[in-house]
Amino acid sequence: MNLKTIAKMAGVSTVTVSNVMNGKYNKASKETIERVQKIIAETNYQPSATARSLIMKRSRIICVVIPNLQPEESAAASPYNTQILGYLDRYIRGRGYYMMLRCVVQSFDVLADFATWNIDGAFLLGVAAEDARKLQDMMDIPAVFIDTYTDDPSLATVSIEDRKGGYLAAKHLLDKGHRRVAFVSTPTEFPGVMQERYRGFCDAFLERGVALRPDHLITTGNIFYEQGVKAGKRIAASGQRYTAVVTVADVLAFGVMEGLRLGGRRVPEDVSVIGFDNLPECQYSYPRLTSISQHLEEKAQSAGECLFSMMREKKITTCSRKVDVELVERRSVTALS
């Protein structure tokens, strides 16, 4: 069964059948619409999604791209990825579209997929600023770059107040009397999310006139739990006797707490710990983790509103939004006596 067969059975053109199937009822009489719909129902005809997308030049597919993921790594290893994907999927489904997830090593690897699948729009997570501009020039679809820091006004970007988040974490610890504080992060020398959070952390110490210890920055290879465990062990064995730790992600914080435990240090009695993201898991860890909330649901909604606005207007428009952050206090931080 195909479109031509339906048209022949109804005694109309294939264009008329297509119009009826796509809700263009002003292009056919009431009798014709009812006749075509009856035949479709009786034959249980299901149109090919591929053929339909070629005809309409729309696939109703929104691609979500996670770059910088090695072949042996899983996107699900990051609780942050799981949360943001869940919120993006809900937004996309709510508008009658389908989400395609694409994990790539290099951001540019997705260009072939966009052409092959006739993608309607895309969200790209954590793309480097220098790559974002090149990608946008090479794509012919609307795209929103999430967590890309750039001054380019022609790119649609959604991020959070990362610098403020780092500042709030450090300020909270300083207010509690802590002065020997470690900062656990992936490399911070490159412009982007981690650098912004680290700058905010340093801002708070500068504001108070408190000097940071020479080896306060502890760098990890990636944002995985195992890396946090290694960092926690290193802090526990350090002669600096740190009393607190700020991490750039909750999953690192969970690992740091385990590493500290294995190194004979208690949280928060010996070392206070603050995470970043405020994932649901913060409620279940022991002790429950104090964290910087980046309001992931609002972040995903802002990105969705930006993308679908461009899709409706059928043009690339300027969209630059920053979502606020806040510190959510739980049990992993204690004041020094």
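In this chain, residues are counted from 1 in sequence order.
For the atom pair CG (L296) and CG (N278), the distance works out to 8.5 Å, reported to the nearest 0.5 Å. Summarising the geometry, atom CG belonging to L85 is positioned 9.0 Å from atom OH belonging to Y80; distances are rounded to the nearest 0.5 Å. Interatomic distance, H172 NE2 to S272 OG, rounded to the nearest 0.5 Å: 8.0 Å. Summarising the geometry, atom CG belonging to D152 is positioned 5.0 Å from atom CZ belonging to R133; distances are rounded to the nearest 0.5 Å.
Remark: D137 CG is packed, more than 12 non-hydrogen atoms of other residues, nucleotides or ligands lying under 6.0 Å away.
Partners of R266 by salt bridge (charged side-chain N to carboxylate O under 4.0 Å, His left out), not counting sequence neighbours, listed by chain and number: D270. Applying the side-chain hydrogen bond (donor to acceptor under 3.5 Å, both in side chains) rule to T219 yields no partners; only residues at least two apart in sequence or on another chain are considered. Shown here are the salt bridge (charged side-chain N to carboxylate O under 4.0 Å, His left out) partners of D175, two or more places apart in sequence or in another chain: K171, R208. A search for ring pair (Phe, Tyr, Trp, His ring centres under 6.0 Å) contacts involving Y167 returns nothing, not counting sequence neighbours. Considering only residues two or more places apart in sequence or on other chains, A335 meets the side-chain contact (heavy atoms from CB on, under 4.5 Å) condition with K176. Judged as a side-chain hydrogen bond (donor to acceptor under 3.5 Å, both in side chains), and not counting sequence neighbours, the contacts of E258 are R261. Contacts of Y91 classified as ring pair (Phe, Tyr, Trp, His ring centres under 6.0 Å), with partners at least two apart in sequence or in another chain: F308. With sequence neighbours excluded, no residue forms a salt bridge (charged side-chain N to carboxylate O under 4.0 Å, His left out) with D250.
Using modelled atom types, one side-chain atom of R180 and one backbone atom of Q240 make a donor-acceptor pair closer than 3.5 Å. The backbone N or O of A128 sits nowhere less than 3.5 Å from a side-chain atom of D131 that would complete a donor-acceptor pair. No side-chain donor-acceptor contact under 3.5 Å links N81 to the backbone of A76. At distances below 3.5 Å, at least one donor-acceptor pair connects side-chain atoms of H178 with backbone N or O atoms of T334. Counting only distance, with no hydrogens or angles, the side chain of S291 and the backbone of S293 share no donor-acceptor pair below 3.5 Å.
Here the options are V246, I274, V271, L174, the test is side-chain contact (heavy atoms from CB on, under 4.5 Å), and the partner is V181; only V246 passes. K164 pairs with exactly one of I292, L327, V325 by the side-chain contact (heavy atoms from CB on, under 4.5 Å) rule, that one being V325.
Side-chain contact annotation: Y242 with D215, donor-acceptor N/O pair under 3.5 Å present.
Counting only residues at least two apart or in different chains, salt bridge (Lys or Arg N to Asp or Glu O under 4.0 Å) contacts with residues 93-103 comprise D89-R93, R102-D113. Each salt bridge (Lys or Arg N to Asp or Glu O under 4.0 Å) pair with one or both residues in residues 291-300, not counting sequence neighbours, appears once here: R90-E297, D147-K299.
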Donor-acceptor pairs are to be reported for all side-chain atoms of residues 222-236 against protein atoms at under 3.5 Å, with residues two or more places apart or in another chain.
{"unit_1": "N222", "atom_1": "OD1", "unit_2": "F224", "atom_2": "N", "d": "3.4"}
{"unit_1": "Q227", "atom_1": "OE1", "unit_2": "G221", "atom_2": "N", "d": "3.1"}

Enumerate, atom names and distances included, each donor-acceptor pair closer than 3.5 Å involving a side-chain atom of residues 190-198, sequence neighbours excluded.
{"unit_1": "Q195", "atom_1": "OE1", "unit_2": "R199", "atom_2": "NH2", "d": "3.1"}
{"unit_1": "Q195", "atom_1": "NE2", "unit_2": "T188", "atom_2": "O", "d": "3.2"}
{"unit_1": "Q195", "atom_1": "NE2", "unit_2": "E189", "atom_2": "O", "d": "3.2"}
{"unit_1": "Q195", "atom_1": "NE2", "unit_2": "F190", "atom_2": "O", "d": "3.4"}
{"unit_1": "E196", "atom_1": "OE2", "unit_2": "R199", "atom_2": "NH1", "d": "3.4"}
{"unit_1": "R197", "atom_1": "NE", "unit_2": "D162", "atom_2": "OD1", "d": "2.6"}
{"unit_1": "R197", "atom_1": "NH1", "unit_2": "V248", "atom_2": "O", "d": "2.6"}
{"unit_1": "R197", "atom_1": "NH2", "unit_2": "D162", "atom_2": "OD1", "d": "2.9"}
{"unit_1": "Y198", "atom_1": "OH", "unit_2": "H216", "atom_2": "NE2", "d": "2.7"}

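Minimum interatomic distance between R321 and C306 (heavy atoms only, all atoms of both residues): NH2-N, 4.4 Å. When all heavy atoms of G177 and L336 are compared, the pair lying nearest together is O-CD1, 3.3 Å. Closest approach of I141 and D120 over heavy atoms only: CB-O, 4.1 Å. P67 and V127 make their closest contact through CG-CG2, 4.0 Å (heavy atoms, listed as atom of the first residue, atom of the second, distance).
V65 and V105 fall into different hydrophobic clusters, where Ile, Leu, Val, Met, Phe, Trp and Tyr are joined by side-chain heavy atoms under 4.5 Å apart, directly or via other members.
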**Request:** Take Q294 and D277 through the test side chain to side chain donor-acceptor pair (under 3.5 Å) and record every step on the way to the result.
**Result:** CA-CA 6 Å; Q294 56 168 303; D277 293 332; 2.6 Å; yes
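Considering only heavy atoms from C-beta on, L252 stays 4.5 Å or farther from F276 through its side chain.
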